[in-house]
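These notes are about the structure you will find just below.
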Amino acid sequence: MNELHDKVAVITGAGSGFGRELALLCAAEGMRLVLADIDMAGLDATQALLPAGTQVLTQRCDVSSPESVEDLATQTWARFGAAHLLFNNAGVAVAGPTWTTTRADWQWVLGVNLMGVVHGVQSFVPRMLEQDEPCHVVNTASVAGLLSVPASSVYCVSKHGVVTLSECLHHELRTANAKIGVSVLCPAFVSTGIADAARHRPAELADANPLAAPFEARVRKAVQSGKLTAVDIARATMAAVKADRFYILTHSNIRPAIEARMRDILDGRQPTNPMP
Ligand SMILES: NC(=O)c1ccc[n+]([C@@H]2O[C@H](COP(=O)([O-])OP(=O)(O)OC[C@H]3O[C@@H](n4cnc5c(N)ncnc54)[C@H](O)[C@@H]3O)[C@@H](O)[C@H]2O)c1
């Protein structure tokens with residue numbers, strides 16, 4: 001999808017991190033924007049960074065709620081009459097040993113990271129198919145969708161789900177001769193708000209893994225020491241959209257771990273720990 005000027009981009013999780021930088025790049029392309037998040041202050045801060053004259057709709061949207069995402073689609077078409085680029089980007093993270101994960105950990109993270117993408121696809125793709133114009137869907141997964149990282153099973157399960165969902169969607173849309181491209185974004189650690197994801201954890205799902213603290217501290221340190229920035233990730237993502245490239249692997253240093261996993265599977269070996 002090369003012609004972006006005046007087209008409509010919808011971005012979830014646009015109040016921080018990757019979502020904010022994607023919004024700025026889309027605005028620089030002359031796109032009209034629909035920015036969604038549960039954090040309205042974050043959305044206001046993103047909006048304040050946009051070039052003057054950018055046409056933008058900001059909307060509170062909880063991606064874990066199908067009704068909330070359906071309303072986002074309804075409001076998008078009411079305001080702009082179309083959507084061409086959908087970034088299912090909102091996400092949260094938890095850490096800790098699998099055997100002490102709580103039901104709330106699973107419900108929260110799968111609700112946002114996996115069902116959020118499902119809801120985005122269900123509410124936007126049928127309308128895009130009807131629209132019958134070139135469109136593109138970018139689902140934010142992670143290298144955690146390609147690897148199995150100790151003390152990250154909840155997050156890894158959610159992101160592996162996003163990778164396979166995206167692959168299935170790609171095949172289905174190709175088979176249907178649809179004009180909708182798909183990409184799956186798989187970054188490693190980048191310094192954003194992700195280490196503070198619990199800031200938006202719903203009170204009814206507050207029951208967290210009792211052994212999370214040391215593992216969360218490790219994730220925070222890794223995130224903070226990430227060499228690439230959110231701007232780098234957003235640039236790589238936009239380049240992939242323009243080139244209609246499916247896999248967006250932003251961190252080349254992760255490739256050996258992905259190759260090792262594939263070799264382990266094919267050779268019937270015990271899994272190599274990607275983060276010993
Ligand atoms: N930063 C990293 O190291 C990294 C690496 C790989 C993948 N990711 C993924 O990138 C995506 C963006 O994360 P980020 O790093 O920019 O983090 P971030 O915390 O800076 O941004 C995430 C945004 O999602 C929003 N959000 C949280 N729950 C929501 C909900 N229920 N509905 C709508 N919005 C919600 C937050 O308010 C926040 O604005 C996530 O899917 C994350 O899993 C991040």
Side-chain angles (χ1 to χ4, degrees), residues 10-24 34-47 58-69 71-72 87-95 107-120 123 138-147 149 152 154-163 165-166 183-205 216 218-234 236-237 248-251 254 275:
V10 181
I11 307 171
T12 69
S16 179
F18 299 164
R20 174 171 294 163
E21 299 306 331
L22 286 166
L24 296 182
V34 178
L35 306 182
D37 207 295
I38 48 169
D39 177 1
M40 290 311 288
L43 281 185
D44 289 346
T46 300
Q47 189 171 4
T58 57
Q59 182 159 326
R60 189 186 189 285
C61 170
D62 176 354
V63 297
S64 70
S65 154
E67 294 80 13
S68 188
V69 178
D71 187 47
L72 182 68
F87 295 94
N88 285 313
N89 167 74
V92 293
V94 295
Q107 201 177 325
W108 180 44
V109 176
L110 292 187
V112 178
N113 294 8
L114 180 55
M115 294 313 294
V117 176
V118 172
H119 299 150
S123 288
V138 179
N139 296 326
T140 302
S142 164
V143 294
L146 302 168
L147 300 173
V149 183
S152 292
V154 184
Y155 189 69
C156 285
V157 167
S158 74
K159 296 301 189 178
H160 276 252
V162 172
V163 171
L165 178 153
S166 305
S183 299
V184 65
L185 171 60
C186 298
F189 295 116
V190 181
S191 187
T192 64
I194 195 73
D196 297 309
R199 68 196 186 280
H200 298 310
R201 188 165 175 152
E204 67 275 16
L205 298 177
E216 283 176 353
R218 190 177 165 187
V219 169
R220 178 181 301 279
K221 203 171 157 205
V223 162
Q224 284 169 349
S225 59
K227 298 262 185 305
L228 297 185
T229 65
V231 177
D232 296 325
I233 306 307
T237 305
I248 313 175
L249 295 180
T250 53
H251 291 68
I254 299 294
M275 256 183 89

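Whatever order the structure lists ligands and atoms in, that order sets their numbers, starting from 1. No hydrogens, no waters, no symmetry mates; every other heavy atom, side chains included, goes into these values.
Remark: D232 pairs with T229 by the side-chain hydrogen bond (donor to acceptor under 3.5 Å, both in side chains) rule, at least two apart or across chains. Qualifying side-chain contact (heavy atoms from CB on, under 4.5 Å) partners for L146, counting only residues two or more places apart in sequence or in other chains: V163, C186, L249, I258. Take E216 and apply the side-chain hydrogen bond (donor to acceptor under 3.5 Å, both in side chains) test, not counting sequence neighbours, and it matches no residue.
I233 is listed as a side-chain neighbour of H251, based on a closest heavy-atom distance under 4.5 Å. Using a 4.5 Å heavy-atom cutoff, the side chains of R220 and D196 are in contact.
When every heavy atom of A90 is checked against every heavy atom of N113, the shortest pair comes out as O-OD1, 4.4 Å.
Listed by chain and number, G13, G15, S16, G17, F18, D37, I38, D39, C61, D62, V63, N89, A90, G91, V92, V112, T140, A141, S142, Y155, K159, P187, A188, F189, V190, T192, G193, I194, R199, H200 each place a non-hydrogen atom less than 4.0 angstrom from ligand 1.
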